[in-house]
Chemist: 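Below you'll find the structure I mean.
Proteins come first, then strands; the chains are lettered A, B, ... in the order of their sequence lines, and each starts at number 1.
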Amino acid sequence: MEVSHSVKERTIAENSLVILLQGLHGHVTTVDLRDESTATGRITNVDAFMNVRLTKVTFTDRQGTVSHLDELFVTGRNIRYVHIPDEVDIRATIERQLQAIHRVRYFGGRDKGRKEFPRAKHK
Amino acid sequence: GGAMSFLKRFPPPAEGVRHQQPDTEAVLAGRTLGAGTLYIAESRLSWLENSGVGFSLDYPTISLHAVSRDLNAYPWEHLYVMVNAKFEEETKEAPMAEGEEEEDSDDDVEPIAEFRFVPSDKSALEAMFSAMCECQALHPDPDDEDSDNDYEGEEYDVEAHELEQGNIPTFYTYEEGLSHLTAEGQATLERLEGMLAQSVSSQYNMAGVRTEDSIREFEDGMEVDMAPVVAGQFEDAEVDH
């Protein structure tokens, strides 16, 4: 479960629906942009500012011309809609992301270096 | 074609350059601006033709960027950058891509400029893309009206706030912890590690290391299963003395 290394970003995510989008890592998703173009691809990253990184993208521009992009980064500002895939359980995704954030917060805020203690049990 | 008046002479960026790609062609709306060097810096994206003139793009104006290897869409693999701004293009005597004239007149509200950066070294595209992602993330949208992120004054550090309550302990990994030690602390650590190395059964309470006893000091009610401190725990740590 990928969680941002940044305290500020974790806090932002925890308090907004961006946390749902972050739970879509690995899912093929369609993003509608402000200028009415659309991009369909696999989400590899969503940050707290809703910047979305996609891979293997089918991009349809506003004239309807289709092209393929290996990688695409769209700024949050330019996203109008994100189509949550049907197979995604929204509530479970949000809960999982929140748990991941809390694990990082309480038991070791860095991925690098060893965790010196076993994981805590959650009640 | 006509001169691109937005091209200016300026020195290449010196600071915060995450990636630099020489021998890169810049193309605006299908017309080449020449060959030069692309500088992906934290403050802005710059391209300088080999003659020394070029332009810069500010990240907040960049809507998206992408790696395109689709040769049907464009005959060379490139970094595509869409900018939310107007750039002066050549005069009408030069041929324009089809449909562009109409596009321009429709776009009073939403000016769009499409840049393509075509490196001679195609294998660099991933690095160029990633560098741009990193730099873009440094420029979050200040006009984000949806955000409740009212961090007035100092950045609100939820975790530091909770630490103040005394409930949640901070754990440092070994490398991080070292950097937080004072000279005295480091001397203490060295001494203790020396003691560990010598003795097998260690029941010393080391600073920052929780044992069964020290758990009860924390009243947070969070049950944590802790293995007792085992001698040699730092054995595999890399210690530069």
Side-chain angles (χ1 to χ4, degrees), chain A residues 6-12 14-18 33-37 39 45 47-55 57-59 61-63 65-79 101 104-123, chain B residues 59-60 62-70 72-74 77 80 82 84 99 103 110 112 125-126 129-130 132-133 136-137 139-141 143-144 146-149 151 155-160 162 168-177 209-210 221-227 233-234 236-237:
Chain A
S6 148
V7 169
K8 180 176 173 182
E9 289 202 33
R10 286 199 291 273
T11 309
I12 293 174
E14 195 181 24
N15 290 292
S16 86
L17 283 176
V18 151
L33 306 189
R34 270 201 318 169
D35 70 349
E36 294 170 26
S37 54
N45 194 59
D47 67 17
F49 314 112
M50 221 168 90
N51 297 321
V52 175
R53 184 165 166 166
L54 300 163
T55 190
V57 180
T58 302
F59 185 80
D61 72 15
R62 20 183 205 166
Q63 276 99 32
T65 310
V66 179
S67 62
H68 298 280
L69 303 167
D70 268 33
E71 305 245 22
L72 171 66
F73 178 101
V74 189
T75 55
R77 184 159 190 259
N78 285 280
I79 294 177
I101 287 180
V104 165
R105 173 172 299 153
Y106 298 137
F107 296 101
R110 304 281 187 275
D111 286 340
K112 57 183 196 253
R114 294 178 306 286
K115 290 212 190 316
E116 294 179 324
F117 300 96
R119 286 185 185 213
K121 281 186 192 158
H122 291 274
K123 286 191 177 161
Chain B
Y59 291 107
I62 297 177
S63 313
L64 57 87
H65 64 276
V67 172
S68 171
R69 300 188 201 271
D70 181 355
N72 292 322
Y74 190 81
E77 299 180 27
Y80 173 83
M82 182 192 285
N84 200 359
E103 230 183 277
E110 196 64 52
I112 296 245
L125 282 171
E126 277 300 317
F129 177 82
S130 292
M132 278 208 60
C133 291
Q136 272 285 36
H139 298 261
D141 182 13
D143 297 333
D144 185 358
D146 282 346
S147 95
D148 287 332
N149 307 328
Y151 300 110
E155 191 170 300
Y156 180 66
D157 187 333
V158 172
E159 290 163 28
E162 284 167 340
I168 315 295
T170 301
F171 296 101
Y172 287 121
T173 58
Y174 184 74
E175 295 86 55
E176 287 177 339
V209 173
R210 301 178 83 206
M222 196 182 282
E223 308 261 17
V224 178
D225 280 344
M226 308 301 273
Q233 190 160 11
F234 293 110
D236 55 334

Chemist: Restricting to salt bridge (Lys or Arg N to Asp or Glu O under 4.0 Å), what partner residues turn up for B:Glu77, sequence neighbours left out?
Modeler: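 Only B:Arg69 meet the salt bridge (Lys or Arg N to Asp or Glu O under 4.0 Å) criterion with B:Glu77.
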Chemist: Counting C-beta onward and ignoring hydrogens, is there a side-chain heavy-atom pair between A:Val18 and A:Ile12 closer than 4.5 Å?
Modeler: no
Chemist: Among A:Asn78, A:Val66, A:Val57, A:Thr65, which residue forms the greatest number of heavy-atom pairs with chain B at distances under 4.5 Å?
Modeler: A:Asn78
Chemist: Highest number of heavy-atom pairs under 4.5 Å with chain A: which of B:Cys133, B:Ser68, B:Ala137?
Modeler: B:Cys133
Chemist: With only heavy atoms counted, which part of A:Ile79 is less than 4.5 Å from chain B, the side chain, the backbone, both or neither?
Modeler: neither
Chemist: Side chains of A:Phe59 and A:Leu33: does their closest heavy-atom pair fall under 4.5 Å?
Modeler: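 Yes, close enough: below the 4.5 Å cut-off.
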Chemist: So for A:Ser16, is it side chain, backbone, both, or neither that comes closer than 4.5 Å to the heavy atoms of chain B?
Modeler: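 No part of A:Ser16 comes within 4.5 Å of chain B.
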Chemist: Between A:Asp70 and chain B, with a heavy-atom cut-off of 4.5 Å, which part of the residue counts as in contact: side chain, backbone, both or neither?
Modeler: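 It is both, since atoms from each part get that close.
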Chemist: Go through the steps for A:Val7 and A:Arg10 under the test side-chain contact (heavy atoms from CB on, under 4.5 Å), then give the verdict.
Modeler: CA-CA 5 Å; A:Val7 169; A:Arg10 286 199 291 273; 3.7 Å; yes
Chemist: In terms of ring plane angle, is the pair B:Phe129 and B:His65 parallel, tilted or perpendicular, where the classes change at 30° and 60°?
Modeler: tilted
Chemist: Pick one of side chain, backbone, both or neither for B:Ile62, based on which atoms fall under 4.5 Å of a heavy atom in chain A.
Modeler: backbone
Chemist: How many angstroms lie between CG in B:Asn84 and OG1 in A:Thr75, if you round to the nearest 0.5 Å?
Modeler: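 One gets 8.5 Å once the value is rounded to the nearest 0.5 Å.
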Chemist: Between chain A and each of B:Ala73, B:Pro60, B:Ser63, count heavy-atom pairs under 4.5 Å; write down the option with the most.
Modeler: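 Greatest number of close heavy-atom pairs with chain A: B:Ser63.
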Chemist: Of all residues at least two apart in sequence or in a different chain, which pass the salt bridge (Lys or Arg N to Asp or Glu O under 4.0 Å) check with B:Asp70?
Modeler: none
Chemist: At a 4.5 Å cut-off on heavy atoms, which part of B:Ala66 comes close to chain A: side chain, backbone, both, or neither?
Modeler: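 When you check distances to chain A, atoms from both the backbone and side chain of B:Ala66 fall under 4.5 Å.
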Chemist: At a heavy-atom separation under 4.5 Å, does B:Met82 approach chain A through its side chain, its backbone, both, or neither?
Modeler: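 It is the side chain, since no backbone atom gets that close.
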